[in-house]
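Reviewing the structure listed below.
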Amino acid sequence: MNRRFLPRTLAAALAVGLSLTLMAAGAQAQTLRWASQGDPQTMDPHSQNESMTNMMNGQVYETLVLRDRQLEIVPGLATSWQSTGPLSWRFKLRPGVKFHDGSPFTADDVVFSVERAKSPTSQVAAYATALGEVKKIDAMTVEFVMSKPNPVFMEHLNSIFIMSKGWSEKNKVLKPLSFKDKEETHASLNANGTGPYVLVSRQPGVKTTYKRNPAWWGKFEGNVQEIVYNQISNDATRLAALISGEIDFVLDPAPRDVARLRTTSGVKVIDGPENRVIYIGMDQARDTLLYGKSPDGKNPFKDLRVRKALYQAIDIETIKTKLMNNQSAPTAVLVPSPKAYYFDKELDTRLPFDVSKAKALMAEAGYPNGFEVTLDCPNNRYINDEEICIALAAMWRKIDVTVRVNAMPRATYFPKTEKMDTSLYMFGWGGAVTDAETTFTPIYRNRGTNGVGEYNRGNYKDDKLDAMAAASTVETDPKKREALVKAVFREHNAQVHHIPLHRQFIPWAARSNVEVVHRADNWLEASWITVK
């Protein structure tokens, strides 16, 4: 159409319309620039079961069932499901879904992904194994058949990302990479999912970028077109970048900076608790300390009295008030959420802080003059992780335990503990699941096959506790299961196989023009974000 021959009013209207269209397009083409102290471990979605890694991979990969804003299970790559028997579930898959490379999503991809996630190099093997055997009924239907009951089947299903079988075969990534052995594969830096965002580039420790998937089957509630993630390890630098407007969002502002951020112009704090417990683990398997020295040449952590002494020498209230700025909830139960132990206050009563009692226990155990040990600790994973380790070392010095804090980045720390190359370590456990099962099987149980006891990095062997936890895993009667679960917690607490510290709170920080949804699993869902 030749504008020369249009009436002047119509030409003007078209010009205004074009201008508004361009403005609207510009307003929608938003970039989210954000940062955190750490970095995802790998783009392989089954290799590492670490929250930030899962969250960032979760923008690309999806599961058959997803989580809503309240962490409730909702349809994902499956549209419906039904129990076809006490040990089986059948799922109808979402039609018309495509992977980012354009290939169609089918039942073959589900079967492949679940089996891949069961591999020895997978950190979600325990969850995948609990799903049983998955069978293809037709191109858009799968059925899971279990050998024993699973009262939290849907929770386990939500943990397994779906990969393209064809893409995995083409790129020789049929098994998850072995992160602890520093294995590199095509899946280390590349991804091909069905999710709302496409991985564009990956520079470990520097920058990771994504773009919106225009063919996504879901509905975008936000307007983010591009995501640029930068690792900024230093707390002050990360804070300065947010205040200056260089970045839009910080996942983990330091607790000491939160009060300042609340009064900073152009910035806001989004508060919320996190389903995450921070704890200390101890090598209880070796006869001698791998990293340390004791007067008798033995491993002190094999003695319950020593484990209790370390516990009772911890001034948890000082850690809460001085280090965490009251952004933590001390706990006696190693599990991410109090829902898991039915809010039983008796279970959540810590051993009292009592240095005199701790010294007496040390003397009873034959260590009146203490011993030396190294505490392995991440310095960019949990809130104030290194600072907490340093504080613990000072507290334990009062009972003559000399602790060397060995702090390191998460990329070094996680492979080290995965190899159980440690005598004493800090760890955190959390996520969307509030049920006890996904803590019991990986952490409380004896190390075994298919991911059982995978995160029992102290490698203790407690047959009584193992049997109790295993029984709770398959009990479907709610009342009987509650009694079993509580009994497991009581036994674990009595044996002090780990020393629980606290559940950390997660205040997020953002520019005032950024709207985000705070989830209790510390999951930043980009498709819900609006940048105004």
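The backbone N or O of Arg286 sits less than 3.5 Å from a side-chain atom of Asn299, completing a donor-acceptor pair. Judged by distance alone, with hydrogens and angles left aside, the side-chain atoms of Ser36 form no donor-acceptor pair with the main-chain N or O of Leu251 at under 3.5 Å. The main-chain N or O of Ala130 is found under 3.5 Å from a side-chain atom of Asn150 such that the two form a donor-acceptor pair. Asn230 contributes no side-chain N or O that, together with a main-chain N or O of Lys207, makes up a donor-acceptor pair within less than 3.5 Å. A donor-acceptor pair under 3.5 Å links the side-chain atoms of Asp248 to the main chain of Arg33, judged by distance alone. Using modelled atom types, one side-chain atom of Arg511 and one backbone atom of Ile243 make a donor-acceptor pair closer than 3.5 Å. In this structure, Asp235 contributes its side chain and Ala254 its backbone to no donor-acceptor pair below 3.5 Å. Using a distance-only test at 3.5 Å, with no hydrogens or angles considered, a donor-acceptor pair links the side chain of His46 to the main chain of Phe161.
Residues Thr129 and Val452 are not in side-chain contact: their nearest non-hydrogen atoms beyond the backbone lie 4.5 Å or more apart. Proximity of Ile383 to Ile506: side-chain heavy atoms (C-beta onward) are separated by under 4.5 Å at one or more points.
Taking the six-membered ring where the residue is Trp, the centroids of Trp429 and Tyr279 are separated by 6.0 Å or more. In summary, the aromatic rings of Phe440 and Phe489 are positioned with their centroids under 6.0 Å apart.
Ring planes of Phe427 and Tyr425: perpendicular class, angle over 60° (limits at 30 and 60°). Between His186 and Trp167, the two ring planes are tilted [angle within 30° to 60°]. Relative ring orientation between His492 and His498 is described as parallel, the plane-to-plane angle staying below 30° on a 0-90° scale split at 30° and 60°.
Among Asp421, Thr422, Asp283, the single residue meeting the side chain to side chain donor-acceptor pair (under 3.5 Å) criterion with Tyr291 is Asp421.
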Apply side chain to side chain donor-acceptor pair (under 3.5 Å) to Asn446 and Asn456, showing your working. CA-CA 7 Å; Asn446 297 343; Asn456 174 359; 5.1 Å; no
Using the side chain to side chain donor-acceptor pair (under 3.5 Å) rule, take Trp523 and Asn54 through it: C-alpha gap first, then chi angles, then the decisive distance, then the call. CA-CA 9 Å; Trp523 185 288; Asn54 291 338; over 6 Å; no
Side chain to side chain donor-acceptor pair (under 3.5 Å) for Thr438 and Glu155? Distances and angles first, verdict last. CA-CA 8 Å; Thr438 51; Glu155 308 284 0; over 6 Å; no
Could you check Gln123 against Gln48 for side chain to side chain donor-acceptor pair (under 3.5 Å), going step by step and ending with a plain yes or no? CA-CA 5 Å; Gln123 291 290 290; Gln48 288 292 291; 4.7 Å; no
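Arg202 has a carboxylate O that lies under 4.0 Å from a charged side-chain N of Asp39, or vice versa, which qualifies the two as a salt bridge.
Figure legend: cation-pi geometry between Arg212 and Tyr210 absent, as NZ or CZ is not positioned both under 6.0 Å from the six-membered ring centre and within 45° of its axis.
Counted by atom type alone, Gln41 and Thr53 present zero donor-acceptor pairs between their side chains at under 3.5 Å.
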